[in-house]
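Have a look at the structure below, then the notes.
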Amino acid sequence: MHKCERCASPATVHITEVLAEAKFEEHHVCETCYPKYMEDSQTKTGAAITSDAGAELEEALFGQQECPDCGIKFVDFRNSHRLGCSRDYQVFQNELLPLLENIHGETRHCGKTPRRYPQTKLAEAELTQLRQRLKRAVEREDYEEAARLRDQIKTVEDA
Amino acid sequence: MHKCERCASPATVHITEVLAEAKFEEHHVCETCYPKYMEDSQTKTGAAITSDAGAELEEALFGQQECPDCGIKFVDFRNSHRLGCSRDYQVFQNELLPLLENIHGETRHCGKTPRRYPQTKLAEAELTQLRQRLKRAVEREDYEEAARLRDQIKTVEDA
Amino acid sequence: MNLDSLTEQSGEWLRASGPEADIVISCRIRLARNLSSFPFTNRASTHQKAEIEQYLKGRLEKIDFEPRLEYVNLAPLSALDRQLLVERQLISRELANSEGPRGVAFAGSEIISVMVNEEDHVRMQVIRSGFTLDEAWQDADRLDDKLEEKVPYAFNEELGYLTACPTNVGTGMRASVMLHLPALVLTKQIEKVFRALQKINLAVRGLYGEGSRASGDFYQISNQVTLGKSETTIINEIRDVVPNIINYERQARQALTRENHAQVLDRVRRAFGVLKNAAMMTSEETMDLLSSVRLGVNLGLIDDIDIFKVNELFIHTQPAHLQKLLGRQLDSEERNTERARFLRNRLREMDSLN
Amino acid sequence: MNLDSLTEQSGEWLRASGPEADIVISCRIRLARNLSSFPFTNRASTHQKAEIEQYLKGRLEKIDFEPRLEYVNLAPLSALDRQLLVERQLISRELANSEGPRGVAFAGSEIISVMVNEEDHVRMQVIRSGFTLDEAWQDADRLDDKLEEKVPYAFNEELGYLTACPTNVGTGMRASVMLHLPALVLTKQIEKVFRALQKINLAVRGLYGEGSRASGDFYQISNQVTLGKSETTIINEIRDVVPNIINYERQARQALTRENHAQVLDRVRRAFGVLKNAAMMTSEETMDLLSSVRLGVNLGLIDDIDIFKVNELFIHTQPAHLQKLLGRQLDSEERNTERARFLRNRLREMDSLN
C-alpha cells in the first residue's frame, strides 16, 4: 500500500501524470493533501493534469469500472500503458480524454476514415437528402421525379 | 640562510647526498645535530655518505678551497654538477672521492690508458729490465750482449 | 520464402536514390490498425492470436495489391532469422522478441511490410529511399484501403483508428524521416536540432527506433501527435521541417570543409584505413567509422565509392546479416573477427573496381 | 658537407642488419675525452672554445683513420640543420641547443661521429646496427687511439679519463643497446625489466637519450658506472644481460601470438591502416603506430615489408627530416599534414613494390 507523498497517512488518491513521449509519473496522496496537490500541480503543469487528476479522484472515490469486453480496469492500463480492446476507449472515456488532450493536444480525430465506414454514413446522408427531395417532389406533384427518387432510395438502401 | 632541519638553529653544516643517476639531495643541519644526523644517515645509506658529510663538515668548518686553474669552489660544482677543469679532481679530491665511491662503487680507474701515457711508463719498465740484463751480462762478461743492450737502452732513452 | 536470399539483395530504402539521398536515407510511413472484433494483442489469448493471424494472413495474401505480399510466420523462425528481419527494418525488435502466433507479410522489394500481432493487430509500413514522404504515404494509404476492403478496422468517428496505446490513436500513423547528420554531430550542433524538434512535437530516435542509440549519426525524425490532425497535415509538418535540417547539415558540412578541411579529411581517411585493415570490429565501431566514410564520400573526400555500397555495409555488418552471409552461428568475438574480414574484403573490392 | 643529402640516405644504425636485428636496433659506444690543457667546456671562454675547436678540427681531419671524418661547424647552422643531426643521432640535443664554437666530425656512413665542445671537449661515438657491441667498441677504441696520437688527453692513473661530470670519469665510456620491446610494453612486463636493470646498475632511457620518453617502444640500456671497471668488463656486463631481455621479449611475442593473436593482428592492421590513410599525424603517434607495424612485420603478420624501410620511417618522419625532405620550413600543423602524406606515399609505394 502506498503512503501519501505529502504526509504519513495512507494514500487514497492515485494520480498518473502524463509526461512527454507517453511516459507516466505516478503520484500517491491522501484525501486531505489532495486539494493542495491539485493546486500545486495546476500551477505547475496546467489544467490537463487537473482534469486527469479529477478523473482519478472520481475513480478513487467512487470505485473502479471494468471493461465488459476485455475485463481490464483503468489501473491495468496505468500499469501496462496498453489498453485491452477498442471498447476501452468508450469505457474509460472520462479518464482517457484528458490524457489524449495531454499527449496530442486534441481529442477529436480528423484524419482518414475507413471507406466502408463513411459509405454507410454517406448512404444515410444521401438517403436523408433523397427522402427530402422525394417529399418536395410529391408536394409539387412531380410524380415522375418522385418515382425516380423512390427507385434510387431503394437502390441505396439495398447497397 | 638555511635553518637546521632537525632543530630551529641556523644550519652550519651543509651535506650533499648523492643519489642514483647523479641526482643530489641537500641537507642542512646545525653543529649540535650533526653527530645525530651522521649516525642516522650512516645506518641509512652506509659509510660513503658519512665521509662525504665529513668532508662537507670540514669544508663548512675550515673554509672553502678554490681551484687555482679554473677558479671554481666545490660549492660551484654542487650547483652546476660540472667540474671546471681536470685539475679539480686533485683540488677537491677529498670531497670527490666519497662521491665517486657512491656513484661508481669504486674510486680507482682500471680501464684503458692512453697509449702515449703508458709508453713512458712502459719505457721506464723496459729500461729497468734492460739495465738489469746489462748488469747481468757484464757480470758474466758477455760484453757483446752488453754492447747490444747499451745501444738498445740508448734508443729507448732517446725515444 | 527463403530468408537467406535476403542477404543477397538490399532493401529499397538503402538504395541511396531519391531526392536529397546524401542526407535523407529513407522515409517511412507506419499505420497501426486493429480488428474491431478482437481484444488488442496484449490481451488476446494464444488461441485468439492464432485466429487473428489466420484471418489476416488469408486476407493479406488475397488483397488486390501490387506487389504481391508474401506472409512469413515468425513463431517457428530462429532468433537469428527474426533478427535478420529486424536489421532489414521489416519487423520491429518488439515483434521479433515477443511470443505467440505472429508474422509479417512483405514483398521482394522490401518497400512494404505488414506486421501481424505486434502491439496492434496490424502494423503496415512503407519505407522508401530518399526524401519521399508523399510517395510513401500514397503507398501506405493505398495498401490500407485495400486491406480495409477485406478487414473491419476498430474505428470510431471521435477518436479515429483505435490502438492499444493512446499515443497512436487517431490516424495510427507514424511518419518518419531517417537522416544522416554526421556534420551536425561533429560540430556539436545536433543538440540544438533536438531541442527545436521537440518544441514542435517531433520525436528524434536512433536507427532502430525507440530507445536505440543514434549510432552511425543516423537520426529518425517522426511525429509525436497522431490525433486531431489529418495524415497530410502531419506529413506536411515533417516535410516542411526536414529541408531546414538538411540545410543546417549542409551548412555544417560546408563549414567543416572550409574551416577544418584537414581534420575532416583526416577523420574520413583514418576511418577508411581502419575499416580496410582492422582484424576485429564491433558493430558499434563499424557504424561510427562507416558514418565518417559516408560523410567523406558525400564531401568528395573519397573518390569513386558508391554511396549505395556504403549504405549496404551498414546493414550487412549487423550481427544477423553477418551470420547469414557466412552461413553459420557466431559468438560475439567471432562476429567481430568476421565483420572485420567482411569489411576488408568489401572495401578492397570496391577500391579495385574503381 | 651538404647536410640536405643526409635525408637521401640512412644511418648505418638503421639498417636493421646484424644479429638479433628484429629486437636490437643498434649498439652505441660513446667515449668522453678532454684536452688536458684547457678548462672543461662549461668553464671555457668563447675564445678558448674557438681554440679548442680549431685544434680538434685540424687533428680530426688529419688522423690516420678510415673512413675519413668531415668536420661540420655547428654554430653557423640553422636550428633546423642542427635538429636534423640530432634526429640522426649524430649529435646530442645538448650540443645542438648550446652556444658558442662547437661542431661535429663524421663520415658518410654515419657509424662514427665526434662532437667537439659538448659537455666534454671530445665526445666520440660509434653506432652500429644490430647486437654488435664488441664491433662498436673496437671501432671506438681504434678511433680513440688514433686521436690520442695527436691530442694530449686529460688523464690520471688513479681516476682515468677526466670528465666534466664525475659520473663519466674513469673510462669515459657509455655503452648502450637500443632495443625495440613492443611485446613487453603490450603485456605490461616492461616495468619488471626496468627494476631488474636498475638493480644491476644499468640505466634505461628513451630513443633520444636522457629524459626522452620511450616513444615507439624503444628503450636504450646503458651502463651507469664508468669508474673501477675496464671497458671490456662494462661491455661484457651489458652483452650478458641483453640476451635475457631479448628472450623475454621473444617470449612475450610468442605469448601474444598464441593467446591474443586476434588482438595483436587487429592492433597491427589498424596501425597500418591509419598510417596508410590518415591526413594528419603527430610525430608521437607516428612512433607508436610504426612500433605496432614493426612488431607486425617481425611477427609475420604483415607480409613483404622491409623492416629497414620501417626503421627508416621512424627517422624520416621526425620534424627536421620531414622539413628537409620537403625542402621548406613547416609549422607544427603543416608538419602533421605533410608527415601523414609522406607516410601514405611511402607505405603505398612499399605495398605496390611487393
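Note on naming: letters A, B, ... go to the chains in the order of the sequence lines (proteins, then strands), and numbering restarts at 1 for each one. Quantities reported herein were computed from a predicted structural model and do not represent experimental measurements.
- By the 4.0 Å N-to-carboxylate-O rule, A:Arg108 lies too far from C:Glu157 to be salt-bridged with it.
- Interface summary for chain A: among C:Ile234, C:Asp144, C:Asn34, C:Asn201, the most heavy-atom pairs under 4.5 angstrom belong to C:Asp144.
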Step-by-step salt bridge (charged side-chain N to carboxylate O under 4.0 Å, His left out) determination, C:Lys57 to C:Glu61: CA-CA 6 Å; C:Lys57 178 178 185 298; C:Glu61 285 174 344; 3.4 Å; yes
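- Taking chain C as the reference chain and counting heavy-atom pairs below 4.5 Å, the highest number among A:Ser80, A:Gly84, A:Gly111 is found for A:Gly84.
- In this structure, C:Asp120 pairs ionically with C:Arg123, as a charged nitrogen and a carboxylate oxygen lie closer than 4.0 Å.
- Using cut-offs of 30° and 60° on the angle between ring planes, the pair C:Tyr55 and C:Phe38 is tilted.
- Listed options C:Leu227, C:Val169, C:Val225, C:Leu162 were ranked by heavy-atom pairs under 4.5 angstrom with chain A; first place goes to C:Leu227.
- Interface residue C:Asp141: backbone and side-chain heavy atoms are both found under 4.5 Å from chain A.
- Of the listed residues (A:Asp76, A:Asp88, A:Thr107), the greatest number of heavy-atom pairs within a distance under 4.5 Å of chain C belongs to A:Thr107.
- C:Thr163 touches chain A through backbone and side chain together, each having a heavy atom under 4.5 Å away.
- Every residue was checked against the side chain to side chain donor-acceptor pair (under 3.5 Å) condition with A:Lys135, not counting sequence neighbours, and none meets it.
- Between chain A and the options C:Met173, C:Glu119, C:Arg33, C:Glu149, the largest number of non-hydrogen pairs under 4.5 Å is found for C:Glu119.
- Ranked by heavy-atom pairs under 4.5 Å with chain A, the list C:Leu35, C:Thr171, C:Leu159 is led by C:Leu159.
- A salt bridge links C:Asp145 to A:Lys112: at least one charged side-chain nitrogen sits closer than 4.0 Å to a carboxylate oxygen.
- In this structure, A:His81 and A:Phe77 have perpendicular ring planes: the angle between them is above 60°, well past the 30° mark.
- Taking A:Arg87, A:Gln90, A:Glu106, A:His104 one by one and counting their heavy-atom pairs under 4.5 Å with chain C, the maximum is reached by A:His104.
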